[in-house]
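Let me begin by presenting the structure, written as structure tokens, before commenting on it.
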Amino acid sequence: MKHSKMKKFASIFMATTVLAGVLAGCGATENSGSSNGGSGSSGDTIKIGGNLELSGAVASYGSSINDGAKLAIAEINEAGGINGKKIDYIAVDNKSDNAEAVTAGIRLAEQEKVVAMLGPATSGNATATVQTASQFKVPMVTASGTAETVTVDKDGNVNDYAFRTCFIDPFQGIVAANFATEELKAKNVAIYMDSTSDYAKGLAASFKKQIEENGGTVVKEEAYVTDDVDFKSTLTNIKSSNPDFVFIPGYYEEVGLIVKQARELGIDVPLMGADGWDSPTLVDLAGADALNNTFITNHYSSGDPDPKIQDFVSAFEEEYSKQPNAFHALGYDTIYYLKDAIERAGEEVTGETIQKALAETKDLSLITGTFTVDEKHNPVKSATVLEFVDGNQEFKSKVNP
Amino acid sequence: MEWIQQLVNGVSLGSIYALIALGYTMVYGIIKLINFAHGDVFMLGAFIGFYAIARWDMHFIPALILAMILCAVIGVIIERVAYKRLRSATRIAALITAIGVSLLIEYTVIFFRGASPEAYPTVIENTKIEILGAQISVQAIIILVISLILMLLLQFIVHQTKIGKAMRAVSHDADAARLMGINVDNTISATFAIGSALAGAAGVIFGIYYTRIEPLMGVLPGLKAFVAAVLGGIGIIPGAMVGGLLLGVVETVVSALGYSLWRDAAAFVILILILILRPAGIFGKNAREKV
């Protein structure tokens with residue numbers, strides 16, 4: 001009896017010591033965490049993280065941004081780094097998943113101790129990461145998260161540590177609507193949107209508002225959900241309403257099938273989408289023929305004659321032997337956007353100082369346009385309209401805000 | 001004519017469900033197991049067909065046959081490795097094993113080739129013909145014809161051949177069949193082989209018709225085919241065909257009425273209704289439980 005009591009006591013004692021040890025350990029990491037926040041930059045390198053979709057449904061976006069970012073980093077490091085410090089880039093795969101994006105963000109901020117990170121490519125994943133960014137005071141810049149809600153919360157307050165390199169959805173929707181009425185003379189339009197995506201809903205809403213202001217009519221509004229493969233019955237419905245233009249905000253995986261099936265059903269009118277269409281997979285899924293007479297709004301075009309863009313295109317082709325798409329350009333630009341801010345951040349490069357510098361960015365000239373950051377952390381910049389011709393994107397026009 | 005068009009859409013979708021449902025129903029009929037790995041055999045069939053066409057430059061029909069043969073082999077392996085030793089175990093144990101096999105197949109594929117989707121190459125020129133004002137693609141017609149041929153072939157095997165007779169006997173009473181000198185193990189393997197071959201064919205057809213394939217593509221069609229099998233009366237072969245076609249048409253009608261977001265829900269509402277109102281399914285006889 002006594003013996004077992006002793007044993008019990010011993011085990012409690014042991015447990016307490018172990019627990020205390022763990023707690024002390026925790027305290028220690030936390031301490032070193034805050035002091036190390038500086039150590040990421042006080043050494044010879046500046047640590048920048050990449051929280052990107054390297055696998056999963058939208059892997060094409062994340063890996064493109066990653067490639068673009070790596071090119072920019074190689075250029076910067078070759079030219080001597082930022083204020084003499086080389087960039088150390090750590091990319092983590094968030095598997096195109098909201099929860100994984102949060103985990104990746106925590107890992108970058110807590111374990112890798114980065115001073116800034118490239119945020120996830122899609123609006124949904126980027127929004128999920130915002131809280132982590134503010135919690136660890138590590139600014140997150142999403143290259144292509146276009147939904148308004150990434151940088152602004154539901155009540156309209158700015159998320160201090162969230163930034164983006166791209167324009168926002170309402171702007172894309174307006175550009176698409178104006179293009180439809182002015183260039184294509186569309187009067188009766190149909191909208192077919194991905195109802196599970198904030199991005200698509202935002203685009204559809206602003207497109208609808210603008211097209212009605214332009215005197216057009218929305219004759220049919222239909223929706224699908226991510227991962228659908230059979231769109232024929234809904235498309236048949238759309239066809240029977242005889243639209244002369246169909247706006248399809250969504251991502252390439254479904255849009256590729258929608259475009260293919262629409263053409264199979266004999267919907268020959270112009271179809272239009274936004275930057276979510278921009279992926280080589282779209283051409284594989286839909287087929288080059290079906291994509292003729294379709295348009296997208298996008299961040300940039302490799303066919304733009306601007307010499308700055310052409311320099312980037314040739315540098316990119318040399319490195320990866322392919323044409324850069326908009327996500328490559330945005331990833332590239334995001335690194336230069338961060339570089340510009342880090343240079344202005346002053347002596348002590350920390351998440352806080354970079355955050356301030358990012359918010360004060362002015363007239364920064366990048367590949368995807370020249371921009372100034374507004375009070376909602378959105379860059380004010382131009383959009384490009386592209387047309388698909390035999391599977392290739394051709395430059396159509398550039399629209400300023 | 002919008003409604004003819006919608007009917008064609010529905011029957012095309014339904015024939016894919018029907019092909020998958022046949023495998024479910026045959027396996028259930030013979031060993032009373034709901035083989036949840038069946039949807040993943042369908043996925044494997046789609047990938048085998050894809051690699052055969054895109055990488056090894058095979059034509060559509062040889063690729064289809066290759067996918068069917070390999071899926072049949074995979075089906076038999078699954079049965080021999082995972083289910084055979086559980087034949088006398090409780091049904092819930094076998095069911096859980098089936099879910100395990102399903103996850104194993106999905107994530108093995110993801111491990112080897114990643115989760116990103118593939119686009120099926122165009123193998124059938126996609127010309128359209130107009131019938132009564134509806135635009136019907138030649139692809140849809142060829143797919144329908146192939147599905148019909150496979151279903152007729154199955155009917156022939158089950159009713160006119162020796163192995164079909166053995167299958168019917170085993171499904172009626174395995175012990176009595178064994179006493180009559182029928183090799184029950186081989187018959188069950190044959191059932192898995194035929195069911196899996198049909199799922200493999202459905203996979204290739206799905207790939208050609210809907211273009212996009214990915215490692216988790218079998219989950220939802222698998223569940224829908226299960227609903228189709230229950231709708232027709234699980235264990236009854238003509239029931240699976242009718243159930244599949246009916247489900248395809250119902251889903252299309254739901255979308256056509258403008259409730260496209262409710263389409264997946266419709267399939268499962270049908271499952272619930274059929275289980276409440278007529279658990280034996282459309283073709284099922286209300287058989288009394290044998291004591």
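Quick note on labels: first sequence line is chain A, next is B, and so on, each numbered from 1. Values in this document were obtained by computation on a predicted structure and should not be read as measured data.
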Tell me, please, which residues at least two apart from Phe247(A) pass ring-ring contact (aromatic ring centres under 6.0 Å, His included).
-> Phe207(A)
How about Ser255(B) and Asn237(A): does a side-chain donor come under 3.5 Å of a side-chain acceptor?
-> no
Measuring heavy-atom distances to chain B, does Ser195(A) have an atom under 4.5 Å in its side chain, in its backbone, in both, or in neither?
-> side chain
Select one option (side chain, backbone, both, neither) describing which atoms of Ala59(A) are under 4.5 Å from chain B's heavy atoms.
->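 Neither; nothing under 4.5 Å.
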In Å, rounded to the nearest 0.5 Å, how long is the span from CD of Glu251(B) to OG of Ser233(A)?
-> 8.5 Å
About how many Å separate CD of Gln5(B) and NZ of Lys232(A), when rounded to the nearest 0.5 Å?
->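 Here the rounded value is 8.5 Å.
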pair Arg212(B)-Glu254(A): side-chain heavy atoms closer than 4.5 Å =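 A side-chain contact exists here, since the closest heavy-atom pair is under 4.5 Å.
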Portion of Tyr209(B) that has a non-hydrogen atom of chain A nearer than 4.5 angstrom | both
Residues of residues 256-273 of chain A near chain B, each having a heavy atom less than 4.5 Å away | Leu257(A), Lys260(A), Gln261(A), Arg263(A), Glu264(A), Leu265(A), Gly266(A)
Considering only heavy atoms and a distance below 4.5 Å, find which of Asp230(A), Val229(A), Asp284(A) pairs most often with chain B.
-> Asp230(A)
What option among Thr281(A), Asp228(A), Thr196(A), Asp289(A) has the most heavy-atom pairs under 4.5 Å with chain B?
-> Asp228(A)
Relative to chain A, which of Pro117(B), Ala140(B), Pro121(B) shows the most heavy atom pairs under 4.5 Å?
-> Pro117(B)
For atom CZ of Phe268(B), is the number of surrounding heavy atoms from other residues, nucleotides or ligands below 6.0 Å larger than 12?
->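 More than 12 heavy atoms, drawn from other residues, nucleotides or ligands, come within 6.0 Å of this atom.
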